[in-house]
Engineer: 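Sharing a structure with you now.
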Amino acid sequence: MGKVMLITGASSGMGRETAILLARRGHTVYAGARRADRMGDLAELGVVPVQMDVTRAEDNERAVRLIVDAEGRIDVLINNAGFGLYGPVEDISLEDARYQFEVNLFGLAHLTRLVLPHMRAQGAGRIVNTSSMGGRVFTPFGAWYHASKHALEGWSDCLRIETAPFNIQVVLIQPGLIRTEFGQVLGGKLQKYYEGSAYTAGLDRFFAMMSSPSAASRGTDSDVLARVFVEAATAGRPRRRYVKGATARPLMFIRKWFGDGVYEAVLRRTFG
Ligand code: NAP
């Protein structure tokens, strides 16, 4: 039977591919993003585009009300909106850092709090949170991004225990390197901290690594991840975590089993 779902970050990348696949599988899909104009073609598949910024409480409230009024329920929330704030900690203002958390953690948390009462009343529900391999490992200049995804991992684990008695499952997706607009957004924001930074040598190496053809070609296609999202959203007994995409398994494996010293040596070899 088709489920009623809200997926955020659906105007591009993994969210967009997932919304398309869910609609094709017969689910009722509400797709959120700030650039709702980019989701016109999704509407042709029966997806309902919802203009929303997850950092705006009123947008989140309007989106949940819209769904519950129209469908009488909400079965799955896929919290996928997010971006990567990269740059030297010394140069990134706390205001920018807080915004990273507003999008990657607090916006998501607000939406989750809004849907939980409905899921409890229904006696079932599922929250799927897009974390990252970055919720388990780290990269140069990614302090605030990794902090937000590490926080999301811990937050989601605690939530899973709390909501289990109400038959509400909490699932984490840990994508690796995926070909989406993520890199462009990251690169665009990183430029802001370049001028006048004491860290330009490291930033140059970081940019060279990120923009090398080998890095681009290593990325996994987002439709591969879409299949993982659909599994996470619909499986009878979902796993707690789904790891998928280029470099995710090896990097997580190295840090976990060989320790931080060996993992950092790998980073130094990769980023110079
Ligand atoms: P993407 O193509 O840049 O998509 C990001 C989506 O998030 C867009 O639809 C964007 O839509 C939305 N978004 C950003 N800020 C928002 C806000 N304030 N309110 C509402 N929507 C917002 O990148 P992606 O790779 O598919 O990213 C999806 C998720 O995967 C993110 O959480 C990211 O951290 C995670 N991830 C990505 C990778 C990767 O290699 N690509 C790896 C690990 C994890 P609008 O701009 O239209 O609002």
Side-chain angles (χ1 to χ4, degrees), residues 6-21 29-42 47 49-60 62-63 77-86 96 98-111 128-139 142 144-153 155-156 172-189 210 215-226 228-229 232 241-249 251-252:
L6 169 61
I7 177 166
T8 65
S11 64
S12 74
M14 292 183 267
R16 178 186 164 79
E17 292 298 328
T18 302
I20 291 171
L21 194 54
V29 183
Y30 287 76
R34 290 167 303 178
R35 295 168 296 174
D37 53 312
R38 293 194 31 171
M39 300 189 286
D41 54 333
L42 297 187
V47 172
V50 183
Q51 205 278 327
M52 62 188 288
D53 180 334
V54 296
T55 68
R56 291 168 54 94
E58 58 274 31
D59 287 8
N60 294 338
R62 187 172 38 78
L77 169 63
I78 304 179
N79 284 311
N80 171 69
F83 74 97
L85 175 65
Y86 270 65
D96 288 357
R98 285 195 183 99
Y99 184 70
Q100 171 77 108
F101 270 75
E102 286 299 330
V103 177
N104 287 10
L105 187 68
F106 291 111
L108 164 163
H110 182 238
L111 257 184
V128 178
N129 290 334
T130 309
S131 175
S132 169
M133 64 175 168
R136 284 286 201 239
V137 297
F138 51 94
T139 50
W144 288 112
Y145 178 65
H146 289 285
S148 74
K149 294 296 187 182
H150 275 67
L152 176 58
E153 293 269 331
W155 187 86
S156 302
L172 281 156
I173 313 272
Q174 296 174 313
L177 198 61
I178 316 301
R179 267 199 294 266
T180 67
E181 292 180 13
F182 183 84
Q184 280 160 253
V185 175
L186 183 159
K189 290 192 184 292
M210 293 291 287
S217 65
R218 273 208 320 269
T220 300
D221 285 336
S222 46
D223 58 335
V224 174
L225 267 292
V228 175
F229 276 83
R241 283 178 170 75
Y242 291 82
V243 184
K244 190 78 182 176
T247 72
R249 279 194 185 282
L251 290 183
M252 290 162 75

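What you see below is based on every heavy atom in this structure, not just the backbone, and it leaves out hydrogens, waters and symmetry mates. In each ligand, atom 1 is the first atom listed, and ligand 1 is the first ligand listed. These numbers come from a predicted model, not from an experiment. By convention here, the first residue in the shown sequence is residue 1.
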Engineer: Taking Val54's backbone N and O only, do any of them form a donor-acceptor pair with Asn60's side chain (distance below 3.5 Å, no angle check)?
Structural biologist: yes
Engineer: Looking only at atom types and distance, does a side-chain atom of Thr55 sit under 3.5 Å from a main-chain N or O of Glu102, one as donor and one as acceptor?
Structural biologist: no
Engineer: Using the six-membered ring wherever Trp is involved, compare the ring planes of Tyr99 and Phe83 and label them parallel, tilted or perpendicular (cut-offs 30° and 60°).
Structural biologist: tilted
Engineer: Counting distance only, does the side-chain N/O of Arg34 pair as donor-acceptor with the main-chain N or O of Ser11 below 3.5 Å?
Structural biologist: no
Engineer: Less than 4.0 Å is my threshold; does some heavy atom of Lys149 fall inside it relative to ligand 1?
Structural biologist: yes
Engineer: To which protein heavy atom is atom 25 (O) of ligand 1 closest, and what is the distance rounded to 0.1 Å?
Structural biologist: Thr180 OG1, 2.6 Å
Engineer: Is ligand 1 under 4.0 Å from a heavy atom in the side chain of Thr8, in the backbone, in both, or in neither?
Structural biologist: neither
Engineer: Give a yes or no answer on whether the side chain of Thr220 reaches the backbone of Ala246 with a donor-acceptor pair at less than 3.5 Å.
Structural biologist: yes
Engineer: Looking at atom 35 (C) of ligand 1, what's its closest protein heavy atom, distance included?
Structural biologist: Thr130 CG2, 3.8 Å
Engineer: Where the closest heavy atom to atom 4 (O) of ligand 1 is concerned, which of Ser12, Gly183, Gly13 has it?
Structural biologist: Ser12
Engineer: Mark up the atoms of ligand 1 that fall under 4.0 Å of a heavy atom belonging to Leu177, in ascending order.
Structural biologist: 40 (O)
Engineer: Going by the atom numbers of ligand 1, which of them fall below 4.0 Å from some non-hydrogen atom of Met52?
Structural biologist: 19 (N), 20 (C)
Engineer: Would the distance check show the side chain of Asn80 and the main-chain N or O of Ile7 forming a donor-acceptor pair, the cut-off being under 3.5 Å?
Structural biologist: no
Engineer: Using a strict cut-off of 4.0 Å, indicate which atoms of ligand 1 neighbour a heavy atom of Ala10.
Structural biologist: 9 (O)
Engineer: Return the orientation label for the His146 and Tyr86 ring planes: parallel under 30°, perpendicular over 60°, tilted otherwise.
Structural biologist: perpendicular
Engineer: Can you pull out the closest protein heavy atom to atom 11 (O) of ligand 1? Residue, atom name and distance to 0.1 Å, please.
Structural biologist: Ser11 OG, 2.9 Å
Engineer: What atoms of ligand 1 come closer than 4.0 angstrom to any heavy atom of Tyr99?
Structural biologist: 18 (N)
Engineer: Quick one: look up the protein heavy atom nearest atom 13 (N) of ligand 1 and list residue, atom name and how far away it is.
Structural biologist: Ala81 CB, 3.8 Å
Engineer: How long is the span from the CG atom in Leu111 to the CG atom in Asn79, to the nearest 0.5 Å?
Structural biologist: 6.0 Å
Engineer: For atom 5 (C) of ligand 1, tell me which residue out of Gly82, Gly107, Gly245, Ala31 has the closest non-hydrogen atom.
Structural biologist: Gly82
Engineer: Does Gln100 reach the main-chain N or O of Leu85 with its side chain, forming a donor-acceptor pair under 3.5 Å?
Structural biologist: yes
Engineer: Please list the nearest protein heavy atom to atom 31 (C) of ligand 1 with its residue and the distance rounded to 0.1 Å.
Structural biologist: Asn80 O, 3.3 Å
Engineer: Thr180 versus Met14: any side-chain heavy-atom pair under 4.5 Å?
Structural biologist: yes
Engineer: Mark up the atoms of ligand 1 that fall under 4.0 Å of a heavy atom belonging to Gly176, in ascending order.
Structural biologist: 38 (C), 39 (C), 40 (O), 42 (C), 43 (C)
Engineer: Which atoms from ligand 1 have a heavy atom of Ser132 less than 4.0 Å away?
Structural biologist: 43 (C), 44 (C)
Engineer: Looking at Arg38 and Glu181, is there a salt bridge between them, counting it only when a charged N and a carboxylate O are closer than 4.0 Å?
Structural biologist: yes
Engineer: Checking contacts here: is it the side chain or the backbone of Ser131 that comes within 4.0 Å of ligand 1, counting heavy atoms only? Could be both or neither.
Structural biologist: backbone
Engineer: Please write down residue, atom name and distance for the protein heavy atom closest to atom 37 (C) of ligand 1.
Structural biologist: Met14 CE, 3.4 Å
Engineer: Nearest protein heavy atom to atom 12 (C) of ligand 1, by residue and atom, and its distance?
Structural biologist: Gly9 CA, 3.6 Å
Engineer: Which residue holds the protein heavy atom closest to atom 15 (N) of ligand 1, what is that atom called, and what is the gap in Å?
Structural biologist: Arg34 NH2, 3.3 Å
